Peer 1: 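Supplied in structure tokens, the structure appears directly below.
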Amino acid sequence: MDSGLSVRVKQATPFAIDVAFDAPSGQVTALFGPSGSGKTTLLRAIAGLHRADEVRVACDRESWTDTASGAYLPSHRRPVGFVFQDYALFPHLTISEQLALSLAHRPAAERPARVAELIGMMRLDGLGHRRPAALSGGQQQRAALARALARDPRVLLLDEPFAAVDWALRESLRHELVNLQRLLSLTTLLVTHDFEDVAKLASHLVVLERGRVTAAGTVEDLTARNAVPGVANWREPAVALDAEVLAQESARQLTLLGAGGLRLEVPTVDAAVGTTVRIQLAAREVILASQRPEGLSLHNVLDARVVAIDCATQPALRLVHLEVGATRLLSLVTADAARKLALAPGTPVLALVKAVAVEAFA
């Protein structure tokens, strides 16, 4: 891989791991899987905190670890920011002191201004004098992220960053991470066992189970193929993809989104024209028709083509794979509806999508 992070980790003990993957530069790659699948161990190996039997870690073609050649860059010299699951903030230091400690690689004269900049960036204004015990869970999370960024990292490692907060705060922190990624374009590895983190934040996905990769690729491709092991049994089929804000129609209170020939009108999204937003569209929300409907409260009628038809989790249902321009969608229909519409690979159909059925995350 010419640009980004390339990782290979293999060990027999204390538990078996045999994993290799690439994470593209400037994007979020999620490491997804159940507890015990090796996700945190991989982050520690990338950071230089874990030695395995066989390790190769390279960033932008620069070797950080290579057990075959004996190359090893000490962890304190790696341009890596690490946010641990429990944040690992020093309880006896204020937030400003913790940030200053992580800025030891910069000249002393630059550090106060950078501390102030990081505090402002992470919305911790007025809290720099506080110690972790005096902060809320969300503030601690932002402080840990600020400390990671103080290292001026090329790679950001996030180990279950939302696990310790409730749903409402988790959603707010997801938005903050999206904004931060837009601002800094860091190569980011996000460890999670919550697929909503993947669907809303990641562009690429590596699925792990028992120390091995069971699937890898872009989030858009894997969700469109309904090919994420460990997810299909408990999460309804839904496509997650990036779309561009093409227009804001304030009079109609609608936003026009576009992705590879797909055009969708959705309720107003708070994002500027030209911005990329992540959208999710559940298969059960896509209705198929052979004729253009009239007189319905419907905004999106899409010309589509059937790519494939799979059996669904219930015998009476079918999962229809669709192509709209260069974009893939899914539709969940009854087997009876598939027969009535004579659906088969190559069949042209109309895909009907209510505006309110599209979940946009900006």
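All figures in this text were calculated on a predicted structure; none of them were measured in a lab.
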Peer 1: Between Arg318 and Asp310, is there a salt bridge with N-O shorter than 4.0 Å?
Peer 2: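 A salt bridge is absent here (no side-chain N lies under 4.0 Å from a carboxylate O).
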Peer 1: Is it the case that one hydrophobic cluster holds both Ile279 and Val28, taking links as side-chain heavy atoms less than 4.5 Å apart, direct or via other members?
Peer 2: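 Looking at the clustering, Val28 is in a separate group from Ile279.
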Peer 1: Is the closest side-chain heavy-atom distance between Gln280 and Glu196 below 4.5 Å?
Peer 2: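 Yes. Closest side-chain heavy atoms under 4.5 Å.
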Peer 1: Counting only heavy atoms from other residues, nucleotides and ligands, does the tally under 6.0 Å from CD of Gln253 exceed 12?
Peer 2: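 No, CD of Gln253 has 12 or fewer neighbouring heavy atoms, counting only those of other groups under 6.0 Å.
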Peer 1: Between Leu254 and His299, is there a side-chain heavy-atom distance shorter than 4.5 Å?
Peer 2: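 Heavy-atom side-chain distance check passes, below 4.5 Å.
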Peer 1: Looking only at atom types and distance, does a side-chain atom of Ser6 sit under 3.5 Å from a main-chain N or O of Asp22, one as donor and one as acceptor?
Peer 2: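 Not confirmed, Ser6 side chain does not pair with Asp22 backbone.
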Peer 1: Are Asp194 and Lys200 within salt-bridge range, i.e. N to O under 4.0 Å?
Peer 2: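 Salt bridge between Asp194 and Lys200, a charged N being under 4.0 Å from a carboxylate O: no.
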Peer 1: Is it true that Arg56 and Glu54 make a salt bridge, defined as a side-chain N closer than 4.0 Å to a carboxylate O?
Peer 2: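 Between Glu54 and Arg56 there is a salt bridge, with a charged N closer than 4.0 Å to a carboxylate O.
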Peer 1: At what distance, to the nearest 0.5 angstrom, does CG of Leu264 lie from CG of Leu256?
Peer 2: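 The CG atom of Leu256 is 8.0 Å from CG of Leu264, to the nearest 0.5 Å.
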Peer 1: Does any N or O in the side chain of Asp242 come within less than 3.5 Å of the main-chain N or O of Thr276, such that one atom is a donor and the other an acceptor?
Peer 2: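 No.
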Peer 1: Does Arg106 reach the main-chain N or O of Glu110 with its side chain, forming a donor-acceptor pair under 3.5 Å?
Peer 2: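 A pair under 3.5 Å: no.
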Peer 1: Which pair of non-hydrogen atoms, one from Ser203 and one from Gln27, has the smallest distance, and what is that distance?
Peer 2: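 Heavy-atom minimum between the residues: OG-OE1, 2.9 Å.
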Peer 1: With side chains defined as the heavy atoms from C-beta onward, is the minimum distance between Leu89 and Gln140 less than 4.5 Å?
Peer 2: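 Leu89 vs Gln140: side chains touch.
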Peer 1: Measuring from Glu323:CD to Asp303:CG, what's the distance to the nearest 0.5 Å?
Peer 2: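 Answer rounded to 0.5 Å: 12.5 Å.
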Peer 1: When Phe82 is tested against each of Leu157, Leu156, Val155 for side-chain contact (heavy atoms from CB on, under 4.5 Å), which residue passes?
Peer 2: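 When side-chain contact (heavy atoms from CB on, under 4.5 Å) is applied between Phe82 and each of Leu157, Leu156, Val155, only Leu157 qualifies.
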Peer 1: When rounded to the nearest 0.5 angstrom, what distance separates CD in Glu62 from CG in Leu5?
Peer 2: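 Answer for the CD-CG pair, Glu62 versus Leu5, is 11.0 Å.
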Peer 1: Can we say Asp152 and Arg114 salt-bridge, meaning some charged N sits less than 4.0 Å from an Asp/Glu carboxylate O?
Peer 2: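 Yes, Asp152 and Arg114 are salt-bridged.
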Peer 1: Is it true that Lys10 and Asp53 make a salt bridge, defined as a side-chain N closer than 4.0 Å to a carboxylate O?
Peer 2: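 Salt bridge: no.
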Peer 1: Are side-chain heavy atoms of His193 and Pro34 found at a separation under 4.5 Å?
Peer 2: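 They are not in side-chain contact.
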Peer 1: So which heavy atom on Leu201 is nearest to which on Arg174, and how close?
Peer 2: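 The answer is CD2-O, 3.5 Å.
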Peer 1: Just verifying a value: how many Å separate Arg225 CZ and Thr218 OG1, rounded to the nearest 0.5 Å?
Peer 2: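 Here the interatomic distance stands at 8.0 Å.
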Peer 1: Is Leu329 linked to Leu317 within one hydrophobic cluster, defined over Ile, Leu, Val, Met, Phe, Trp and Tyr using a side-chain heavy-atom separation of less than 4.5 Å?
Peer 2: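 Per the 4.5 Å side-chain linkage, Leu329 and Leu317 are co-clustered.
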Peer 1: Please list, chain by chain and in numerical order, all residues satisfying ring-ring contact (aromatic ring centres under 6.0 Å, His included) with Phe361, sequence neighbours excluded.
Peer 2: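 In terms of ring-ring contact (aromatic ring centres under 6.0 Å, His included), with neighbours along the sequence ignored, Phe361 is linked to His175.
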Peer 1: Please check if atom CZ in Arg305 has more than 12 non-hydrogen atoms from other residues, nucleotides or ligands closer than 6.0 Å.
Peer 2: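 Yes, enclosed.
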Peer 1: Would you indicate whether Asp336, at its atom CG, is surrounded by more than 12 heavy atoms from other residues, nucleotides or ligands within a distance under 6.0 Å?
Peer 2: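 Count over threshold, so yes.
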Peer 1: Do side-chain atoms of Thr187 reach the backbone of Gly26 as a donor and acceptor pair under 3.5 angstrom?
Peer 2: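 Between the backbone of Gly26 and the side chain of Thr187 there is a qualifying donor-acceptor contact (under 3.5 Å).
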Peer 1: Dump the intermediate steps for side-chain hydrogen bond (donor to acceptor under 3.5 Å, both in side chains) on Glu97 and His92, then the final yes or no.
Peer 2: CA-CA 10 Å; Glu97 289 169 342; His92 63 292; over 6 Å; no
Peer 1: Indicate yes or no for a side-chain donor-acceptor contact from Arg78 to the backbone of Trp64 under 3.5 Å, with no hydrogens or angles considered.
Peer 2: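 Yes, the answer is positive, given that a donor and an acceptor are paired below the 3.5 Å cut-off.
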Peer 1: Can you measure from CG (Leu169) to CZ (Phe162) and round to the nearest 0.5 angstrom?
Peer 2: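 One gets 9.5 Å once the value is rounded to the nearest 0.5 Å.
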Peer 1: Is it the case that Arg51 places NZ or CZ above or below the six-membered ring of Tyr72, under 6.0 angstrom from the centre and within 45 degrees of the axis?
Peer 2: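 Cation-pi check for Arg51 and Tyr72: passes.
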Peer 1: On the ring face of Phe15, is Arg210 found with NZ or CZ under 6.0 Å from the centre and within 45° of the axis?
Peer 2: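 Negative - Arg210 is either too far from the ring of Phe15 or too far off its axis.
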Peer 1: Closest heavy-atom contact between Val207 and Pro229?
Peer 2: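 Heavy-atom minimum between the residues: CG1-O, 3.8 Å.
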Peer 1: Looking only at heavy atoms, which two atoms of Ala362 and Val178 are closest? And how far apart?
Peer 2: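 For Ala362 versus Val178, the nearest heavy atoms are C-CG1, 4.4 Å.
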Peer 1: With a 4.5 Å cut-off on side-chain heavy atoms, are Leu205 and Phe32 touching?
Peer 2: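 Of all side-chain heavy-atom pairs linking Leu205 with Phe32, at least one is under 4.5 Å.
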Peer 1: What heavy-atom pair brings Val198 and Ala30 nearest, and what distance separates the two atoms?
Peer 2: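 Scanning both residues completely, I find the closest heavy atoms to be CG2-CB, 3.8 Å.
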Peer 1: Donor-acceptor check, side chain of Arg278 to backbone of Ala202, threshold 3.5 angstrom: yes or no?
Peer 2: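 Answer holds: yes.
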Peer 1: Using modelled atom types only, decide if a donor and an acceptor are shared between the side chain of Glu220 and the backbone of Arg328 within a distance under 3.5 Å.
Peer 2: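 Checked: no pair found.
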Peer 1: Given Gln181 and Thr188, is the side-chain hydrogen bond (donor to acceptor under 3.5 Å, both in side chains) satisfied, shown in steps?
Peer 2: CA-CA 9 Å; Gln181 186 64 19; Thr188 300; 3.2 Å; yes
Peer 1: Starting at CG of Leu281, measure out to OG1 of Thr327 and round the result to the nearest 0.5 Å.
Peer 2: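 Rounded to the nearest 0.5 Å, the CG-OG1 separation comes to 11.5 Å.
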Peer 1: State whether the number of non-hydrogen atoms from other residues, nucleotides or ligands found under 6.0 Å of Arg252 atom CZ is greater than 12.
Peer 2: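 Counting other residues, nucleotides and ligands, CZ of Arg252 exceeds 12 neighbours.
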Peer 1: Checking the side chain of Thr65 only, and the main-chain atoms of Val55 only, is there a donor and an acceptor separated by less than 3.5 Å?
Peer 2: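 Not a single qualifying donor-acceptor pair exists.
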Peer 1: When clusters are formed from ILVMFWY side-chain contacts under 4.5 Å, directly or step by step, what else is grouped with Leu298?
Peer 2: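 Members besides Leu298, by chain and number: Ile287, Leu296, Val301, Leu350, Leu352.
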Peer 1: Donor-acceptor pair, Thr223 side chain versus Val219 backbone, under 3.5 Å?
Peer 2: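 It does hold such a pair.
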Peer 1: Could you tell me which non-hydrogen atom of Val239 sits nearest to which non-hydrogen atom of Ala224, and how far apart they are?
Peer 2: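 Distance-wise, the nearest heavy atoms are CG2-CA, 3.8 Å.
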Peer 1: Are the side chain of Lys39 and the backbone N or O of Leu208 linked by a donor-acceptor pair below 3.5 Å?
Peer 2: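 Not confirmed, Lys39 side chain does not pair with Leu208 backbone.
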